[in-house]
Amino acid sequence: MERTGYEVYELYLKPHQAEIESGAPFALEIRSRSDYRRLVVRARVARSKEQLANPEPLWVREEKWEQIQGEPLWIEILEELDEETVLERAEASREGVKAYGST
Amino acid sequence: MDLREYIERLKAEGELLEVETEVDWNLEAAAISAMNGRIGGPALLFRKVKGYPEGYRLAGNLFGGRKGREWIRYAIALGLDPGISYEEFIGEYLRRLGAPIKPMVVDQGPCKEEIHLGKDVNLFEFPWPYLHQGDGGRYGTIQSVITKDYYSDWVNWGNYRAMVHTKNKLGVLLSRGQQCAYQFYEHWEPNNTPMPFCIAIGGDPVYFMAACSYSPEGVNEVDVAGGLRQAPIQLVKAETNDLYVPADCEIVIEGEVRPGERMDEGPFGEYFGFVHGPRQPMPVFRVTAITHRRNPIFPFVCEGVRGTDGNTVCSVLWSIALYAALRFLLGYPVTGVFLPLETPYSAPVVAVERGKADPGAVAEMAAYMQQLGPFGHIDHEIFVDGHVKPWEVGAWLREVALKADPVKGIHVSAPNMWKVTLNVYQTPEELRAGMGSKIFIDATTGKQEVPQVVTLRDLYPGDVLEVFSKGGGR
């Protein structure tokens with residue numbers, strides 16, 4: 001499968017497992033796979049495309065070495081937020097990185 | 001000589017391949033460049049880039065080199081005969097390094113042919129390449145980052161990677177210990193003041209050489225560039241800050257880096273050869289203006305593979321700078337220094353004349369290289385006897401294997417040496433601190449007597465060798 005759509009760090013998603021399970025929207029920093037532009041969006045993320053009205057692939061950079069390995073999640077972008085938006089990093093995502101260096 | 005003239009000279013010397021087929025900025029140009037670099041191929045000019053206007057070009061391998069003659073393109077950049085030997089190149093390069101020339105300010109320059117200000121700024125107007133599968137974004141890798149010190153007139157030019165975040169923001173890798181990082185983290189940021197910032201892309205090839213030189217703190221690299229060119233570099237004032245930029249550049253990006261602001265930068269396939277980076281919060285370059293030549297050429301380096309521009313700048317130029325520092329600045333009896341392509345940036349080999357160095361000289365030289373911020377990429381230093389040519393890998397490996405005492409010959413430093421934050425073995429704590437331990441291996445014999453070396457010439461009668469030689473042997 002060609003990796004079109006968007007990509008995200010697993011560590012950015014970690015604090016949002018409850019929203020992913022419930023289908024609730026949340027703010028997230030992603031990058032477009034078409035031009036690698038940084039985007040901050042309010043979106044729904046799901047494990048199956050059938051759970052979203054307008055799904056696009058969301059490739060996950062896994063915690064180890066932060067490379068894409070598996071099949072994508074799916075994202076429905078509801079709103080693109082102001083690019084000045086910097087999301088506070090949850091402590092949970094910081095804790096997860098000790099083995100691999102990324103912070 | 002601007003970048004376009006340099007490319008013409010490369011062409012005239014048979015050192016350029018012009019690629020007419022359209023290439024994709026997304027991995028394709030980088031892949032071709034990487035493969036080309038590994039076989040010591042020519043410089044590449046990609047004339048058509050997918051999704052970009054006619055005339056917008058990419059250029060790769062501008063300073064890569066032919067295998068075994070990695071200095072050729074640097075010689076061409078300096079207007080020298082590409083047939084020059086490395087020893088002759090060292091002499092001329094050192095002569096020019098020792099004669100810096102102050103720049104001159106002009107009113108206009110080709111870099112102002114197109115001017116975009118404020119909301120008209122769009123970094124995606126240019127074909128920043130996506131260089132390695134897994135990089136955090138699209139990168140600029142061969143450029144002069146221009147910044148001024150907060151407290152003095154010192155203007156630093158350095159070559160630091162920059163990742164495009166948005167149409168007007170870049171993340172810049174400012175590793176502690178490096179000079180731009182020092183200016184920002186130690187001076188501008190504590191004073192809660194935005195640091196004026198410019199990135200100059202393209203222009204005279206000596207800008208890359210100067211920006212990558214080991215110039216000490218307080219030395220303006222533009223003076224070094226003038227010395228290398230043997231003429232004053234022409235500078236024009238930036239549109240939106242008080243910095244001055246080279247007038248002949250292809251693209252100039254202007255703006256500021258604000259205190260306290262960070263966004264994640266990396267991962268990146270760096271010169272150590274890993275797509276690692278790692279991702280870290282790094283200062284953000286907010287772009288307020290872009291000026292450029294019409295139909296700009298965007299140079300790039302695909303780091304991480306053998307033989308790229310970054311690899312050769314280290315082996316060809318930094319080796320000379322280290323040699324000059326150890327031999328002429330500090331006065332040690334060093335006969336040669338080389339940072340082999342095989343040990344990217346990490347392991348300089350220093351040859352020391354036997355019997356001439358005082359006891360402790362090797363440790364002093366090691367400490368010098370270990371402690372200075374600009375040498376943050378160096379973590380293993382190897383010292384061998386002066387008869388060894390450090391650019392002959394097999395020769396110095398043999399010396400290490402045979403002469404370095406496994407206990408007394410290996411010396412580990414204290415854990416507070418400046419280190420770039422790119423090594424795969426660093427812990428997150430070491431990455432944040434930008435410090436760690438280093439080692440040096442002492443394979444010199446100093447004034448100690450060594451037994452007869454086994455050589456054909458020394459151990460066997462001449463008539464035996466003559467018979468062997470007549471039989472076709474060597």
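For clarity, every value in this text was computed on a predicted model and none was experimentally measured. Quick note on labels: first sequence line is chain A, next is B, and so on, each numbered from 1.
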A.B. asks: Locate the shortest heavy-atom distance separating B:Asp264 from A:Tyr12; write the atom from each residue and the value.
C.D. replies: OD2-OH, 2.6 Å

A.B. asks: Could you tell me which portion of B:Trp25 (side chain, backbone, both or neither) has an atom closer than 4.5 angstrom to a non-hydrogen atom of chain A?
C.D. replies: side chain

A.B. asks: Working to the nearest 0.5 Å, report the span between OG1 of B:Thr166 and CZ of A:Arg38.
C.D. replies: 7.5 Å

A.B. asks: Name the region of B:Gln133, side chain, backbone, both or neither, that has any atom closer than 4.5 Å to a heavy atom of chain A.
C.D. replies: both

A.B. asks: Would B:Lys167 and A:Glu83 pass as an ion pair if we require N to O under 4.0 Å?
C.D. replies: no

A.B. asks: Where do A:Gln67 and B:Gly134 come nearest, in terms of heavy atoms and distance?
C.D. replies: OE1-CA, 2.8 Å

A.B. asks: Where does A:Arg31 contact chain B at under 4.5 Å (heavy atoms): side chain, backbone, both or neither?
C.D. replies: side chain

A.B. asks: What I'd like to find out is whether the side chain of A:Arg61 reaches to under 4.5 Å of the side chain of B:Arg279, using heavy atoms alone.
C.D. replies: no

A.B. asks: In terms of heavy-atom proximity below 4.5 Å to chain A, should B:Asp135 be classed as side chain, backbone, both, or neither?
C.D. replies: backbone

A.B. asks: Any idea how A:Tyr36 and B:Tyr130 line up, ring-wise: parallel (<30°), tilted (30 to 60°), or perpendicular (>60°)?
C.D. replies: parallel

A.B. asks: Return the minimal non-hydrogen interatomic distance between A:Tyr9 and B:Gly266, and the atom names on each side.
C.D. replies: OH-O, 3.2 Å

A.B. asks: Sort A:Ser34 into side chain, backbone, both or neither according to what part of it lies under 4.5 angstrom from a heavy atom of chain B.
C.D. replies: backbone

